[in-house]
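Everything below concerns the one structure shown next.
Note that the coordinates shown come from a computational prediction; the quantities given were computed from them, not determined experimentally.
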Amino acid sequence: INLIEPIILTTHKSPDYDGFSTCLGLLEWLRFEGKEAYIYLIDKKLPFNGRAYLDDGDLIDTIEDGKSFVVSDCQQDRIGFIIPDGLEVLVLDHHHDQFSKHNPGKGIWVEDVPSVSCLPIKHNIYSKYFYLGIFMDTGKGFRYRPDEAIKFAADLIINIDLEPGELQELVANLYKPSGDIQVLQDTGSVVGSKVFKGKNHTAALMVTQSRSSDTDHMLLDIVREVADIAGTFNLRSGKASLRSFSPDVNVQNIAKKFNGGGHIQAAGMELPKEAESYRKLWREMVLLAGGDELDISISSKGSPVTGKC
């Protein structure tokens, strides 16, 4: 990457582990190459346990000294700030649909890979943080599940010389069990839930009042034990998140109906903080699970905070 220094690495607002880990991995690699580089994020709330991977001086509070920028996992309109005119920008992404209305040219690097963390690995740039992004990517449902993450990563690491024991140690070092427990202790913030078993899939939606999006994300992973379409709606923030644990189920289409976006298997949106938002979201989830209007009517009875899994 032949960019003018200092190089600023960034990703979208409300960063997930895919974009955040790509920044971490590129930071490690650029500094190894002797480049001056830093990470700047408009949102100071990092992904679950993200600060454990940052050293002093990695994260900066201003972009005024930046001479070039690398944007990961999104286009510039999602980073939450404006990059000054005249500065060189490189965009790394894997969302082909987001580029359909744009003209990919100089400064655009987009390829068909499961997550943006795969891009550097595919081109022989290795860092443990790229694997962190792959393992923790919410679109694959492997958050807090290192054993499953190892299986998924097996075909991605074929070009790197790691013995099985070394890979096991790598993954063990990336996961922080103490942090998982802290999140689990906060799951009392769930105030209601509904489950619908459709013809082909099972949908589950939880209403929360948690103060942490990490708690909501943790709940999505817990629900995958009983449903392959999972959602949370936070009454406090109005934010809703959807996860698909089946490769043939596209939750991104639901998010787009509410002016949201994301991945095929991980999407999000922001809704009015009212019961009607819950009902509209639940309707779309029931339809996606193979239900009809009668199923929606039956499953929607009662207050959104009285349904039980």
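Take Glu276 and apply the side-chain hydrogen bond (donor to acceptor under 3.5 Å, both in side chains) test, not counting sequence neighbours, and it matches Arg279. In this structure Lys197 satisfies the side chain to side chain contact (heavy atoms under 4.5 Å, CB included) test together with Thr202, sequence neighbours excluded. Tyr38 pairs by the ring pair (Phe, Tyr, Trp, His ring centres under 6.0 Å) definition with nothing, not counting sequence neighbours. Residues satisfying the side-chain hydrogen bond (donor to acceptor under 3.5 Å, both in side chains) criterion with Ser72, sequence neighbours excluded, are absent altogether. Applying the salt bridge (Lys or Arg N to Asp or Glu O under 4.0 Å) test to Asp228 and every residue at least two apart in sequence or in another chain returns nothing. Evaluation of the side chain to side chain contact (heavy atoms under 4.5 Å, CB included) rule for Ala230 yields Leu220, Val223, Phe245 as partners, not counting sequence neighbours. Under the salt bridge (Lys or Arg N to Asp or Glu O under 4.0 Å) criterion, Glu284 pairs with Lys257, not counting sequence neighbours. Applying the side chain to side chain contact (heavy atoms under 4.5 Å, CB included) test to Ala203 and every residue at least two apart in sequence or in another chain returns Ile229, Trp282, Met285, Ala289. Considering only residues two or more places apart in sequence or on other chains, Glu270 meets the side chain to side chain contact (heavy atoms under 4.5 Å, CB included) condition with Lys239. Every residue two or more places apart in sequence or in another chain that forms a salt bridge (Lys or Arg N to Asp or Glu O under 4.0 Å) with Glu293 is listed here: Arg283.
Between Leu235 and Glu274 the shortest side-chain heavy-atom distance does not fall below 4.5 Å. The shortest side-chain heavy-atom distance between Thr232 and Leu242 does not fall under the 4.5 Å cut-off. Counting only heavy atoms from C-beta outward, the side chains of Asp85 and Leu87 never approach each other to under 4.5 Å. Within the 4.5 Å cutoff, the side chain of Phe69 has no heavy atoms near those of the Tyr40 side chain. Side-chain contact check for Val251 versus Arg243: every heavy-atom pair is 4.5 Å or farther apart. Side-chain contact between Asn259 and Met269 is absent, with no heavy atoms from C-beta onward closer than 4.5 Å.
Within the model, atoms CD1 of Ile4 and OG of Ser68 stand 6.5 Å from one another, a figure rounded to the nearest 0.5 Å. Distance check, rounded to the nearest 0.5 Å: OG1 of Thr22 to OH of Tyr17 gives 12.5 Å. Interatomic distance, CD1 of Ile83 versus CD1 of Ile8, reported as 9.5 Å (0.5 Å rounding). Distance SG/Cys23 to CD/Glu28: 13.5 Å, rounded to 0.5 Å. Rounded to the nearest 0.5 angstrom, Ile264 CD1 and Ser244 OG are separated by 9.0 Å. Rounding to the nearest 0.5 Å places OG of Ser246 at 9.0 Å from CG of Asn200.
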Steps toward side chain to side chain contact (heavy atoms under 4.5 Å, CB included) verdict (Tyr278, Leu205): CA-CA 9 Å; Tyr278 172 93; Leu205 178 61; 3.7 Å; yes
Hey, mind stepping through Leu287 and Asp292 against side chain to side chain contact (heavy atoms under 4.5 Å, CB included) and telling me if it holds? CA-CA 6 Å; Leu287 291 175; Asp292 54 25; 5.6 Å; no
Does Val249 form a side chain to side chain contact (heavy atoms under 4.5 Å, CB included) with Gln265? I'd like the steps, not just the answer. CA-CA 7 Å; Val249 176; Gln265 291 184 269; over 6 Å; no
Could you give me the CA-CA distance, side-chain angles and deciding distance for Asp248 and His201, then say whether side chain to side chain contact (heavy atoms under 4.5 Å, CB included) is met? CA-CA 10 Å; Asp248 63 332; His201 303 282; 3.6 Å; yes
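A distance-only check finds no donor-acceptor pair linking the side chain of Thr10 to the backbone of Leu41 [under 3.5 Å]. Using a distance-only test at 3.5 Å, with no hydrogens or angles considered, a donor-acceptor pair links the side chain of Asp18 to the main chain of Val116. Ser277 places no side-chain N or O within 3.5 Å of a backbone atom of Lys273 that could act as its donor or acceptor partner. Between the side chain of Asp43 and the main chain of Leu46, no donor-acceptor pair closer than 3.5 Å is present.
A side-chain contact (heavy atoms from CB on, under 4.5 Å) with Leu24 holds for exactly one of Tyr129, Phe130, Trp29; it is Tyr129. Tested against Val70, the residues Val91, Thr11, Leu26 include a single side-chain contact (heavy atoms from CB on, under 4.5 Å) partner, Leu26. The residue from Ile42, Val71, Ile79, Asp73 that alone fulfils the side-chain contact (heavy atoms from CB on, under 4.5 Å) condition with His12 is Asp73.
Within the structure, salt bridge (charged side-chain N to carboxylate O under 4.0 Å, His left out) pairs that include any residue of residues 3-15 do not occur (at least two apart or interchain).
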Distance-only criterion, 3.5 Å: show the donor-acceptor pairs between side-chain atoms of residues 58-66 and protein atoms not counting sequence neighbours.
residue : atom : partner : partner atom : Å
Asp58   : OD1  : Arg31   : NH1          : 2.6
Asp58   : OD2  : Asp55   : N            : 2.7
Thr62   : OG1  : Glu64   : N            : 3.2

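Taking all atoms of both residues into account, the shortest heavy-atom contact from Ala267 to His263 is CB-O, 4.0 Å.
Ring centroids of Tyr53 and Phe20 are separated by 6.0 Å or more, keeping the two rings apart.
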